[in-house]
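Positions are given from 1, in the same order as the sequence printed here. Values below: all heavy atoms of this structure, side chains included; hydrogens, waters and symmetry mates excluded. Atoms within each ligand, like the ligands themselves, are counted from 1 in listed order.
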Amino acid sequence: MPGYDILVRGGHVVTGAGVHVADIAIDDGVFVAIATELEGSATETIDASGAFVLPGGIDPHVHFNDPGRADWEGWDTGSRSLVAGGITTCIEMPLNASPPTLDRTSFEAKVAAASGTSFADFALWGGLTPDNLDGLPELAGAGVVGFKAFMSRSGTDDFRHAGDDTLYQGMLYAASVSLPVAVHAENDAITADLASRARAMGQTAIRDYLDSRPVVAEVEAIGRAIALAEDTGCSLHIVHVSTGRGVALVAGARERGVDVTCETCAHYLVFTDEDAERIGALAKCAPPLRDAETRETLWDTLLAGDIDLIASDHSPAPPSMKQGDDVFDNWGGISGCQHLLPVLLGEG
Ligand SMILES: [Zn+2]
């Protein structure tokens, strides 16, 4: 009779083979047996009858702002939220910690902040900005999973957006070391111009913000990023795609052999522009929440299998940064990592 460390008894166990009522045995932190009515005893037995037992999820896109801005939310509460929501691994972005993750020193500072604090396993993106092209090799050597770039303004002054020149050079380097480049794909000229026109007219409500980031800004930037990746041979990942048109561009490029993937976020699947108007700045994000018709096209592409990953893009800020009459000044970011998996299991 084997004596296990832990036995999880009678849960609806979700595996690649389907959902079955079964027992799970764990030794030294590793699943060692899954079967109906396992024999044996254990140091700890958990009755999971009536509950679903799933593998821990992976959230490929979170911001924990730590070190430097842990008062916005750091690894401690951020990772507690993750695991409370069924996510056991995250990949964390190179902003909005201070300093941003642009070189080996800042990478190591973030590893130090997360180690011993995070309740979830983690990996780190490095940044790709006009300020650190020379620093990409040391980031690669330090162990980043890839390089994240913004094609439009990031919202923090210490993480500048990449023009086409920076993107091109960054992709050439990333291809040479077989690391992916992830882009926030929105056209900066269009979005910055529309924002300044709105503000000049005193139009600073949430609807004005939504209108300043039209679908074409996303579609154009995705197409441009794909063209650069196709030519450089760089592996490209488009973060938080908010439209079915954007996903279709990715799917079409992949079909002709381009190494490109994309993700969307739960909030683009469940909220619309009307929710943004109802909720206000708390629902401000970039790209913005879209209309109901656009949301449906996103579901269609998801159900067709064209979206590779779903992320939270968890991006917390102090309440004071979500207040004020000018929505353009409010922080853009939605805090949703605890709800990613429940929303998908419920709505999906
Ligand atoms: Zn993000």
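- In this view, Glu108 and Arg104 satisfy the salt bridge (charged side-chain N to carboxylate O under 4.0 Å, His left out) rule, not counting sequence neighbours.
- Residues Glu186 and Thr191 bring no donor and acceptor atom of their side chains to less than 3.5 Å of each other.
- Using a 4.5 Å cut-off between side-chain heavy atoms of Ile, Leu, Val, Met, Phe, Trp and Tyr, Ile24 falls into a hydrophobic cluster with Ile6, Val8, Val13, Ile26, Phe31, Ile34, Ile46, Val53.
- Asp27 meets the side-chain hydrogen bond (donor to acceptor under 3.5 Å, both in side chains) test with no other residue; sequence neighbours excluded.
- No side-chain N or O of Asp313 forms a donor-acceptor pair with one of Ser315 less than 3.5 Å apart.
- For the Zn ion (ligand 1), the tally of protein N/O/S atoms lying closer than 2.8 Å stands at 3.
- Residues Thr105 and Asp103 have side chains that never bring a donor and an acceptor to within less than 3.5 angstrom of each other.
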